[in-house]
Amino acid sequence: MAEAPAVPQAATFVGGRKGSWKVISMETIDGPPLEKVQRLEVIGGFVATVPSGAKWLLRGITSSERYTTRREHQKLVVRQPKLGRSEATYAALILITKSASWWNLSQDERRRIFETRSGHIRTGLKFVPTIARRLYHSRDIGEPFDFLTWFEFAPSGESAFNGLVTELRKTEEWNYVEREVDIRLSRDNPLAT
């Protein structure tokens, strides 16, 4: 949905007892669960070891858009809001691992499923600028999930976000998801992140 920064950005998501974001819920959609936590901190860069008091950390890095055309990319750039907006005090971290059968497909086959048949980008465009998002890739750096998708929105955008997720989970693309954890969050202090 959003343009990746020109320079790749690394991030570490740390779950535990401390953090700028309060965990409202953690739901395992598919596959093994992630240990429940009360708070989440998003740290720029890679953290090497689990900090004291934390239960887990997940690392990812932004990358190039792999399945968008130039026209789709331009639409996304124009419409996608920036992260960190003061009114965006709700967030979601959706963790996804796709099956080996997905990764065994060629790039053009994945594109056909991702956009041509599932309409991932078309669906996402219906919900911007209400929702801001950044995709972190983790598969190639040996992390337990393939993708860490970070979303931010105002409380008034929660039902739009739920609509987005519901629509995407009904697509052919989601037949290839073998692990998914949906973490919903709220920010106590909008200036804390």
Side-chain angles (χ1 to χ4, degrees), residues 1-2 4-5 8-51 54-67 83 88 90-103 110 113-114 118 120-121 123-124 127 131-153 157-158 161-187 193:
M1 284 174 33
Q9 295 179 353
T12 303
F13 296 85
V14 180
R17 294 187 310 260
K18 300 177 186 175
S20 303
W21 294 91
K22 177 183 177 185
V23 175
I24 298 169
S25 67
M26 288 182 69
E27 182 181 2
T28 301
I29 308 299
D30 281 307
L34 193 61
E35 190 171 358
K36 300 263 186 199
V37 296
Q38 298 82 34
R39 311 283 303 183
L40 180 83
E41 188 62 57
V42 183
I43 301 169
F46 285 150
V47 173
T49 59
V50 179
K55 295 190 177 187
W56 47 258
L57 60 79
L58 302 168
R59 294 173 286 233
I61 190 161
T62 59
S63 184
S64 60
E65 294 170 339
R66 299 183 184 179
Y67 305 119
L83 294 171
Y90 278 23
L93 176 61
I94 298 187
L95 314 167
I96 293 184
T97 298
K98 290 191 173 176
S99 66
S101 59
W102 172 262
W103 296 111
R110 290 194 303 264
I113 293 167
F114 178 81
S118 291
H120 192 112
I121 298 165
T123 300
F127 295 93
I131 302 162
R133 141 225 187 274
R134 179 164 292 150
L135 176 65
Y136 295 91
H137 295 260
S138 298
R139 181 176 189 268
D140 293 336
I141 58 173
E143 291 292 302
F145 292 94
D146 294 339
F147 306 103
L148 313 175
T149 309
W150 178 255
F151 300 90
E152 292 179 4
F153 46 94
E158 184 176 22
F161 179 74
N162 289 335
L164 168 66
V165 173
T166 297
E167 281 192 43
L168 289 174
R169 286 181 179 144
K170 291 178 184 175
T171 65
E172 179 182 348
E173 177 192 353
W174 245 256
N175 294 333
Y176 293 91
V177 173
E178 64 180 20
R179 187 175 184 198
E180 180 181 3
V181 178
D182 184 330
I183 304 171
R184 302 298 176 97
L185 308 128
S186 67
R187 186 169 51 192
T193 61

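Model, not experiment: these values are computed from the prediction.
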Residues in side-chain hydrogen bond (donor to acceptor under 3.5 Å, both in side chains) contact with Ser25, at least two apart in sequence or another chain: none

Check: Arg187 side chain, Ser20 main-chain N or O, donor-acceptor pair, under 3.5 Å: no

Closest heavy-atom pair, Gly45 versus Thr12, reported as atoms and distance to 0.1 Å, is O-OG1, 2.8 Å

According to the side-chain hydrogen bond (donor to acceptor under 3.5 Å, both in side chains) rule, which pairs have a member within residues 176-186, sequence neighbours left out? Asn162-Arg184, Arg169-Glu180, Arg169-Asp182, Trp174-Glu180, Asp182-Arg184

What I'd like to find out is whether the side chain of Arg39 reaches to under 4.5 Å of the side chain of Val37, using heavy atoms alone. no

Does some side-chain heavy atom of Leu95 sit less than 4.5 Å from a side-chain heavy atom of Phe13? no

Close side-chain approach of Ile141 to Tyr136, heavy-atom, < 4.5 Å: no

Could you verify whether a donor N or O on one side chain and an acceptor N or O on the other, from Asp146 and Trp103, lie under 3.5 Å apart? yes

Less than 4.5 Å apart, any side-chain heavy atom of Pro144 and any of Thr97? no

Shortest non-hydrogen contact between Leu40 and Val23, atoms and distance: N-CG2, 4.4 Å

Distance check, rounded to the nearest 0.5 Å: His137 atom NE2 versus Phe147 atom CZ? 6.0 Å

Check ion pair Arg134-Glu152 (N to O, under 4.0 angstrom): no

Look up atom CD1 in Ile61 and atom CZ in Phe46, then write down how far apart they are to the nearest 0.5 Å. 5.0 Å

Taking C-beta and beyond as the side chain, do Glu41 and Trp21 meet within less than 4.5 Å on heavy atoms? no

Can you check whether Arg59's main-chain N or O pairs, donor with acceptor, with Ser138's side chain at less than 3.5 Å? yes

Nearest heavy atoms of Val50 and Trp56, plus distance in Å: CG1-N, 4.1 Å

Just so I know, are the side chains of Ile183 and Leu34 near enough to count as touching, which here means a heavy-atom distance under 4.5 Å? yes

Applying side-chain contact (heavy atoms from CB on, under 4.5 Å) between Lys98 and each of Glu173, Arg139, Arg110, report the one that passes. Glu173

If you measure from CG on Leu135 to OG1 on Thr62, what distance do you get to the nearest 0.5 Å? 9.0 Å

Salt bridge (charged side-chain N to carboxylate O under 4.0 Å, His left out) partners of residues 25-35, not counting sequence neighbours, each pair once: Glu35-Lys55

So which heavy atom on Ile94 is nearest to which on Phe161, and how close? CD1-CZ, 3.9 Å

For Ala132 and Leu83, the nearest pair of non-hydrogen atoms, with its separation, is CB-CD2, 3.7 Å

